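To start, the structure under review is shown below, and the notes come after it.
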Amino acid sequence: MRYHTRPAASPLSGLIRVPGDKSISHRAVIFAAMAEGTSHLTGVLDSADVRSTMSAVSALGAAVEIVSESSEGSEGLEVVVHGWGADGPVEPIGAIDCGNSGTTIRLLLGVLAGWGIHAVLTGDESLCQRPMRRVTAPLAELGARVETAENGCAPVGIRGGELLATSFELPIASAQVKSALLLAGTRASGVTKVCEPAPSRDHTERMLPGFGIEVVREGLCASVSGPVIAQATDIAVPADPSSAAFLVGAALLVPGSDVTLPAVSLNPTRIGFLRVLARMGANLDITAGPDVCGEPTGDVRVRYTASLTGTTITAEEVPSLIDEVPLLAIVATAAVGTTEFQGVGELRVKESDRLTAIADAVNALSGGAAVTDDTLVVTGGHPLEGTTLDSLGDHRLAMSYAVAGLAAEGETVIDRFEAVDVSYPGFAGDLKALLESALG
Ligand code: S3P
């Protein structure tokens, strides 16, 4: 699908609840599938990625019942999951299709590592190009038999079995790898400890205790003691800060805008982008709300900011804003001076090579961007000019380009815009509603 956009003719204004958090929705469905008993989940993101997780756990024997569909895509799904508990998952018939979702495949590999069944996990063209050895190698160390395709990618075959707890020092900060190992650790005898070089998102550590699984956290390490079976619980999923980021970016760039995004997860491991934008001088107000699902939440109010200044984003900060780099790069085109993103090499192995793609897109829009090794530099002060861009089937690129199109002169056309369905199917509608000030 082609998306056409032009400079915003009016400000964005009003209040809108962005959909449920993708990372938390995946985990809610997966942990509920592993649990003994029936879990009741609300506010679950209704998107292609989460649908992939729901069908994958169904293929493994969990009963997933969608009790109510979202009316306008923003309130989320109400889902009841009857887990496999102590009986374990059943051997699936045929390969499990994880679609575009790295979280689905990597977390499920961890789940399956401790059960004596055979499964093959695969996905779409993008997922089958993403590295899986970062998770299969440590799972093999724990005792699972795992085999990737020759290039280290999916399809991945796994036969789980008896696991012996181990300690891991991860070479990269990856919440997917950390989570897979902690989930496998629930089946291993003894303490499985995972240490990472920088703090990646910690939803697994925050959520497992609700399912009756204790997680011990010390600095950059988390550990679980197994074997232990999860127990069903109820989960309310907060709104997704990564989806909110696109509306924040749009409001910052369009003169006169004033937008409020309520009940967003303000988990510190997820909102590095808000800290960076504040440093750049963005007009942001954050009002803390209640904790939801073990996550701090709150309302984010963002107003157009005429003068943003460039900043340096250090490698340490990157895991807390890893999915927001393309959007921040677009915002940086409007800032005075340069914005340097250090240590962003991981972007090359996301749903696309986001590092090359975002630099190419900024340059195609007549902005200034350059990549050297794992650093991206965006030079502000070059007014953007509309052009035709390809999302490469990557949802976060598609939405970042749509934000750029609101600020660029002339028309911007985005090919393969349907990629947004992976995380935020209602994005174009929500943006339009804010532009038409149709929300109070
Ligand atoms: C995710 C972790 C991150 C992130 C992805 C979702 C998760 O990936 O980029 O969109 O839900 O655990 P890595 O674990 O590869 O850093």
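Since we're looking at a predicted model, the values are computed, not measured. Excluded from the calculations below are hydrogen atoms, water molecules and symmetry mates; all remaining heavy atoms, backbone and side chain alike, are included.
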| said: If you define the side chain from C-beta out and look only at heavy atoms, does anything of Phe273 sit under 4.5 Å from Pro241? | reply: yes
| task | Could you go through the salt bridge (charged side-chain N to carboxylate O under 4.0 Å, His left out) check for Asp394 and Lys350 one step at a time? | result | CA-CA 9 Å; Asp394 183 327; Lys350 293 294 177 188; over 6 Å; no
| request: Decide side-chain contact (heavy atoms from CB on, under 4.5 Å) for Leu384 and Glu409; before the verdict, give the C-alpha distance in whole Å, the side-chain angles of both, and the deciding distance to 0.1 Å. | output: CA-CA 6 Å; Leu384 299 187; Glu409 203 182 295; over 6 Å; no
| task | Would you check, one step at a time, whether the test side-chain hydrogen bond (donor to acceptor under 3.5 Å, both in side chains) holds for His26 with Thr53? | result | CA-CA 6 Å; His26 281 302; Thr53 289; 2.7 Å; yes
| query | Ignoring hydrogens and geometry, is there a side-chain-to-backbone donor-acceptor pair from Asp291 to Gly294 under 3.5 Å? | reply | no
| task | Evaluate the criterion side-chain contact (heavy atoms from CB on, under 4.5 Å) for residue pair Val81 and Thr38; output intermediate values, then yes/no. | result | CA-CA 6 Å; Val81 181; Thr38 301; over 6 Å; no
| query | Can you tell if the side chain of Val318 reaches within under 4.5 Å of the side chain of Leu347, non-hydrogen atoms only? | reply | no
| request: In sequence, state the C-alpha distance, the side-chain angles, and the governing distance for Leu328 and Phe341, and then conclude on side-chain contact (heavy atoms from CB on, under 4.5 Å). | output: CA-CA 9 Å; Leu328 287 173; Phe341 301 81; 3.7 Å; yes
| task | Over all heavy atoms of both residues, which pair between Pro262 and Ile16 is shortest? Give the atoms and the distance, please. | result | CD-O, 3.0 Å
| said: Taking atom CD as the centre, does Glu316 end up with more than 12 heavy-atom neighbours from other residues, nucleotides or ligands that are less than 6.0 angstrom away? | reply: no
| task | Kindly check if Cys128 and Cys153 bring their SG atoms closer than 2.5 angstrom. | result | no
| query | Going by distance alone, is a donor N or O of one side chain under 3.5 Å from an acceptor N or O of the other, for Thr311 and Arg279? | reply | yes
| message | Quick one, Asp202 and Arg217 - any side-chain contact, counting heavy atoms below 4.5 Å? | response | yes
| query | Which is it for Val156 and Leu109 under the side-chain contact (heavy atoms from CB on, under 4.5 Å) test, yes or no, and what are the steps along the way? | reply | CA-CA 9 Å; Val156 184; Leu109 286 168; 3.8 Å; yes
| task | State, without any angle test, whether Ser265 and Glu295 hold a side-chain donor-acceptor pair at a distance under 3.5 Å. | result | yes
| task | Test Asp323 against every option in Lys22, Arg270, Arg354 by the salt bridge (Lys or Arg N to Asp or Glu O under 4.0 Å) rule and name the one that passes. | result | Arg354
| Side chains of Trp84 and Met34 in contact at under 4.5 Å (non-hydrogen atoms) | yes
| query | Going through the checks in order, is the side-chain hydrogen bond (donor to acceptor under 3.5 Å, both in side chains) test met by Asp49 and Ser52? | reply | CA-CA 5 Å; Asp49 260 19; Ser52 293; 5.1 Å; no
| said: Evaluate Glu346 against Arg134 for salt bridge (charged side-chain N to carboxylate O under 4.0 Å, His left out), listing each step before the verdict. | reply: CA-CA 12 Å; Glu346 267 296 294; Arg134 54 179 60 194; 2.9 Å; yes
| query | Using a distance-only test with no angle check, is there a side-chain donor-acceptor pair under 3.5 angstrom linking Glu340 and Thr375? | reply | no
| message | Once you measure the plane-to-plane angle for Phe211 and Phe31, does it fall in the parallel (<30°), tilted (30-60°) or perpendicular (>60°) bin? | response | perpendicular
